[in-house]
Amino acid sequence: MIITQPTLKDIPFMREFLAPEVERGIILERPIEVMANMIRSYHIAWEEEEILQTQQKLHLSPNNLEELKRPKMLGFCALHIHSQTLAEIRSLIVAPFAQRKGIATALILDCIKEGVKLNVSEILVLTYKKVLFEKLGFIEIPKEKIPNQKIWADCILCKHFPLCDEVALIKHI
């Protein structure tokens with residue numbers, strides 16, 4: 001498995017990938033223009049199609065996307081910067097056929113690595129996958145501790161607002 005940053009040509013595939021989760025209200029829909037504007041914040045996991053059928057757990061490889069003969073998008077997420085000290089992992093999604101292979105963990109760790117490189121001190125996530133994030137050192141926080149810019153920029157767009165049933169977690173890095 002390799003993790004890359006997408007190009008603008010990946011946006012239609014990413015939106016198609018997200019469509020079922022957007023419909024279910026699990027992930028917020030982002031307009032094409034917003035995704036294009038935030039393209040540098042996304043991390044995409046890829047693997048050779050044939051390897052997916054033979055391996056249970058996938059491992060990061062030093063290969064480039066161009067080296068894969070038949071790359072298959074497995075999932076993606078974004079690291080959104082809220083301030084000089086706070087970033088957020090958002091839009092984490094892994095294809096149903098690729099779940100339980102370590103892809104979400106690899107994507108989250110890639111975002112944490114970027115957060116460390118950017119020198120943010122905290123990474124926030126709102127999720128239904130509490131246990132996954134707790135295994136990676138995130139701790140649950142009350143939703144009242146979520147910064148106002150997050151609530152008014154994103155949460156207000158959600159069809160579940162104000163009755164959010166996601167869990168807020170934070171990791172100090």
Side-chain angles (χ1 to χ4, degrees), residues 1-6 14-15 17-30 38 41-47 51-61 72-83 85-118 120-151 153-173:
M1 165 180 49
I2 61 170
I3 297 177
T4 66
Q5 285 196 298
M14 293 167 70
R15 290 179 58 78
F17 212 85
L18 286 170
E21 297 302 299
V22 167
E23 184 67 31
R24 290 179 45 218
I26 303 297
I27 293 179
L28 279 179
E29 182 170 20
R30 308 257 179 222
M38 295 175 39
S41 65
Y42 287 99
H43 302 242
I44 300 182
W46 305 87
E47 185 55 272
I51 290 177
L52 290 171
Q53 296 156 9
T54 60
Q55 283 189 304
Q56 280 294 69
K57 284 281 185 192
L58 298 175
H59 303 283
L60 280 177
S61 163
K72 186 105 175 151
M73 185 186 293
L74 308 176
F76 61 88
C77 65
L79 183 70
H80 180 76
I81 307 302
H82 282 290
S83 70
T85 59
L86 180 68
E88 177 192 5
I89 294 176
R90 54 166 59 165
S91 302
L92 175 63
I93 185 167
V94 175
F97 68 82
Q99 291 180 359
R100 311 214 79 55
K101 293 181 181 279
I103 296 157
T105 297
L107 287 165
I108 294 164
L109 290 174
D110 203 53
C111 285
I112 292 170
K113 182 177 159 186
E114 182 183 10
V116 167
K117 184 177 161 186
L118 292 171
V120 297
S121 55
E122 298 177 314
I123 298 179
L124 170 74
V125 66
L126 282 169
T127 184
Y128 295 104
K129 305 289 184 187
K130 176 184 174 186
V131 173
L132 169 66
F133 284 91
E134 286 178 331
K135 286 180 183 176
L136 298 171
F138 285 77
I139 55 170
E140 187 172 353
I141 60 168
K143 288 193 185 114
E144 295 78 38
K145 297 223 177 198
I146 297 172
N148 284 338
Q149 70 261 34
K150 166 66 181 169
I151 293 168
D154 294 317
C155 294
I156 200 163
L157 302 173
C158 180
K159 68 183 187 180
H160 301 294
F161 185 79
L163 304 173
C164 177
D165 54 351
E166 286 186 302
V167 177
L169 297 109
I170 202 155
K171 180 175 179 76
H172 302 279
I173 56 173

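All figures in this text were calculated on a predicted structure; none of them were measured in a lab.
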Practice problem: Give, for atom NZ of Lys135 and atom CD1 of Ile108, the distance between the pair rounded to the nearest 0.5 Å. | Solution: 11.0 Å
Quiz item: Under 4.5 Å between any side-chain heavy atoms of Leu132 and Leu92, yes or no?
Solution: yes
Self-check item: CA sep, side-chain torsions, deciding dist, call: Ile93, Leu18, side-chain contact (heavy atoms from CB on, under 4.5 Å)
Solution: CA-CA 7 Å; Ile93 185 167; Leu18 286 170; 3.9 Å; yes
Quiz prompt | Audit row: His80, Arg90, side-chain contact (heavy atoms from CB on, under 4.5 Å) steps and yes/no | solution = CA-CA 7 Å; His80 180 76; Arg90 54 166 59 165; 3.4 Å; yes
Self-check item: Side-chain (Gln99) to main-chain (Val94) donor-acceptor, under 3.5 angstrom
Solution: yes
Self-check item: Expected output: side-chain Ser41 to main-chain Met38 donor-acceptor under 3.5 Å
Solution: yes
Quiz prompt | Residue pair Glu47 / Lys101, side-chain heavy-atom distance below 4.5 Å | solution = no
Quiz item: Taking only residues two or more places apart in sequence, or in another chain, which ones meet Ala168 in a side chain to side chain contact (heavy atoms under 4.5 Å, CB included)?
Solution: Leu126, Ile141, Lys143, Ile146
Self-check item: Residue pair Ile103 / Thr105, side-chain heavy-atom distance below 4.5 Å
Solution: no
Practice problem: Mind jotting down which residue pairs meet the salt bridge (Lys or Arg N to Asp or Glu O under 4.0 Å) criterion with at least one end in residues 105-117? Sequence neighbours excluded, please. | Solution: none
Exercise. With sequence neighbours excluded, tell me which residues meet side chain to side chain contact (heavy atoms under 4.5 Å, CB included) with Ser61.
Key: Ile2, Asn63
Practice problem: Classify the ring geometry between Phe76 and Tyr42 as parallel (under 30°), tilted (30 to 60°) or perpendicular (over 60°). | Solution: perpendicular
Practice problem: Under the side-chain hydrogen bond (donor to acceptor under 3.5 Å, both in side chains) rule, collect the residues that match up with Lys130, sequence neighbours excluded. | Solution: Glu140
Quiz item: Residues two or more places apart in sequence or in another chain: which of them pass side-chain hydrogen bond (donor to acceptor under 3.5 Å, both in side chains) with Glu21?
Solution: Arg24
Practice problem: Kindly compute the distance separating CG (Leu58) from CG (Leu74), expressed to the nearest 0.5 Å. | Solution: 6.5 Å
Exercise. Compare all side-chain heavy atoms of Leu28 with those of Val22 and state whether any distance is below 4.5 angstrom.
Key: no
Practice problem: Give a yes or no on whether a salt bridge exists between Glu29 and Arg15, defined as a side-chain N under 4.0 angstrom from a carboxylate O. | Solution: yes
Exercise. Could you walk me through whether His172 and Ser121 pass the side-chain contact (heavy atoms from CB on, under 4.5 Å) test, one step at a time?
Key: CA-CA 6 Å; His172 302 279; Ser121 55; over 6 Å; no
Quiz item: How far apart are the closest heavy atoms of Met1 and Gly102, and which atoms are they?
Solution: CE-O, 4.3 Å
Practice problem: Say whether, by atom type as modelled, one donor and one acceptor occur between the side chain of Thr127 and the main chain of Lys129 under 3.5 angstrom. | Solution: yes
Practice problem: Would you indicate whether the side-chain heavy atoms of Phe138 and Ile170 approach each other to under 4.5 Å? | Solution: no
Quiz prompt | Side-chain heavy atoms of Leu107 within contact of Ile3, under 4.5 Å | solution = yes
Exercise. Calculate, to the nearest 0.5 Å, the distance between atoms SG and CG belonging to Cys111 and Leu136 respectively.
Key: 11.0 Å
Exercise. Please name all residues satisfying side chain to side chain contact (heavy atoms under 4.5 Å, CB included) with Ile173, sequence neighbours left out, ordered by chain then number.
Key: Ile112, Val116, Val120, Ile123, Lys171
Quiz item: Does the side-chain contact (heavy atoms from CB on, under 4.5 Å) test come out yes or no for Leu79 and Glu88, once each step is laid out?
Solution: CA-CA 6 Å; Leu79 183 70; Glu88 177 192 5; over 6 Å; no
